Amino acid sequence: QDKEKLEIRKLNDPPSAETVRDMIKYARNVIEEFRRAKHYKYILCLTLTALACELLEICELSLDKMGAVFEDSNVYMLHMMYQAMGVCLYVQDWEGALRYGQKIIRPYSKHYPSYSLNVASMWLKLGRLYMALENRTAGVKALKR
């Protein structure tokens, strides 16, 4: 499934192999930077809300840049969307978290087996978000999945 997991956008003028390599390098670096920033949240004297906003900005800028080359189903895109969803949950931005979760669930369902904990966990999060946003029908459907 590596080809599916590393899918690039289908453009009239496809990106060169070097462009794809550079974007993968960029994605790995930004993921590592994000992990370091999360680690340092316990050390820095920043407020957690300010740090969360900074982390969300890193995610969004990275998604914009990577989105020029990678499909949303690409593992690097999914990783950043998952991180962005987590930040939205932390700052109680339920609508933002739901938007990211909705983008994540279809590729997760494609990349992982039917009864994967990753897929089940995402359906649980989506169900709880729908319920919190008073969309009971969608919430029950997601929780049943």
Side-chain angles (χ1 to χ4, degrees), residues 1-42 44 46 48-133 135 137-145:
Q1 287 185 326
D2 285 348
K3 189 173 182 177
E4 290 175 2
K5 290 181 180 179
L6 295 174
E7 192 170 3
I8 60 169
R9 292 212 175 273
K10 286 151 185 67
L11 306 168
N12 290 336
D13 187 20
S16 67
E18 183 180 355
T19 301
V20 173
R21 265 195 315 274
D22 289 346
M23 192 55 67
I24 289 172
K25 185 177 179 181
Y26 167 80
R28 287 179 177 164
N29 287 338
V30 79
I31 287 168
E32 185 55 38
E33 178 185 331
F34 190 88
R35 285 183 181 144
R36 278 195 303 272
K38 279 174 58 176
H39 173 73
Y40 289 130
K41 77 179 180 185
Y42 302 108
L44 297 175
L46 295 171
L48 291 180
T49 304
L51 179 59
C53 291
E54 187 177 323
L55 292 174
L56 188 56
E57 187 176 342
I58 290 171
C59 291
E60 290 171 349
L61 291 172
S62 300
L63 287 167
D64 283 345
K65 184 170 181 168
M66 290 187 293
V69 176
F70 297 149
E71 287 290 345
D72 283 351
S73 60
N74 183 291
V75 291
Y76 296 112
M77 293 288 286
L78 288 170
H79 180 82
M80 290 312 296
M81 284 188 256
Y82 186 81
Q83 296 303 324
M85 182 182 182
V87 174
C88 288
L89 289 170
Y90 179 79
V91 297
Q92 298 181 359
D93 174 7
W94 310 135
E95 289 91 358
L98 182 62
R99 275 193 308 278
Y100 283 113
Q102 289 169 329
K103 286 183 174 185
I104 292 168
I105 193 62
R106 183 172 288 131
Y108 263 35
S109 298
K110 182 177 160 186
H111 293 322
Y112 294 110
S114 299
Y115 296 100
S116 163
L117 290 177
N118 293 313
V119 175
S121 173
M122 188 54 62
W123 279 119
L124 175 62
K125 288 176 185 174
L126 286 172
R128 293 181 69 197
L129 284 165
Y130 282 124
M131 297 299 256
L133 293 168
N135 186 343
T137 303
V140 169
K141 185 177 177 182
L143 291 169
K144 284 182 178 180
R145 294 286 308 260

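All values reported here derive from a predicted model rather than from experimental measurement. We use all heavy atoms of the structure for the numbers below, so side chains are in, but hydrogens, waters and symmetry mates are not. By convention here, the first residue in the shown sequence is residue 1.
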Distance-only check: which donor-acceptor pairs under 3.5 Å involve side-chain atoms of residues 73-80, not counting sequence neighbours?
residue : atom : partner : partner atom : Å
Ser73   : OG   : Glu7    : OE1          : 3.2
Asn74   : OD1  : Tyr76   : N            : 2.8
Asn74   : ND2  : Glu7    : O            : 3.2
Tyr76   : OH   : Arg28   : NE           : 2.9
Tyr76   : OH   : Arg28   : NH2          : 3.2

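Tyr108 places none of its side-chain heavy atoms less than 4.5 Å from the side chain of Ser116. Considering only heavy atoms from C-beta on, Thr137 comes within 4.5 Å of Asn135 through its side chain. Using a 4.5 Å cut-off on side-chain heavy atoms (C-beta onward), Leu129 and Met85 make contact. Looking at Tyr26 and Asn29, their side chains never come closer than 4.5 Å, going by heavy atoms from C-beta outward. Residues Trp94 and Leu98 fail the side-chain proximity criterion, which asks for heavy atoms closer than 4.5 Å.
Taking CG of Leu143 as the start and NZ of Lys141 as the end, the distance is 12.5 Å to the nearest 0.5 Å. Between the CG atom of Leu63 and the CD1 atom of Ile58 there is a distance of 11.5 Å, given to the nearest 0.5 Å. The SG atom of Cys59 sits 9.5 Å away from the CD1 atom of Ile31 when rounded to the nearest 0.5 Å. Rounded to the nearest 0.5 angstrom, Ser62 OG and Met81 CE are separated by 12.0 Å.
For the side chain to side chain donor-acceptor pair (under 3.5 Å) test, residues two or more places apart in sequence or in another chain that qualify with Tyr82 are Lys125. Take Ser16 and apply the side chain to side chain donor-acceptor pair (under 3.5 Å) test, not counting sequence neighbours, and it matches Thr19. Legend: residues meeting salt bridge (charged side-chain N to carboxylate O under 4.0 Å, His left out) with Glu18, ordered by chain and number and at least two apart, are absent.
Applying the salt bridge (Lys or Arg N to Asp or Glu O under 4.0 Å) test to every pair with at least one member in residues 64-76, sequence neighbours left out, gives these pairs: Arg9-Glu71, Arg9-Asp72. Counting only residues at least two apart or in different chains, salt bridge (Lys or Arg N to Asp or Glu O under 4.0 Å) contacts with residues 83-104 are absent.
Open room surrounds CD on Glu57; 12 or fewer heavy atoms of other groups in view lie less than 6.0 Å from it.
For the residue pair Ile8 and Pro15, the shortest heavy atom distance occurs at CD1-CG, 4.0 Å.
With no hydrogens or angles considered, no side-chain donor-acceptor pair links Tyr100 and Gln83 at under 3.5 Å.
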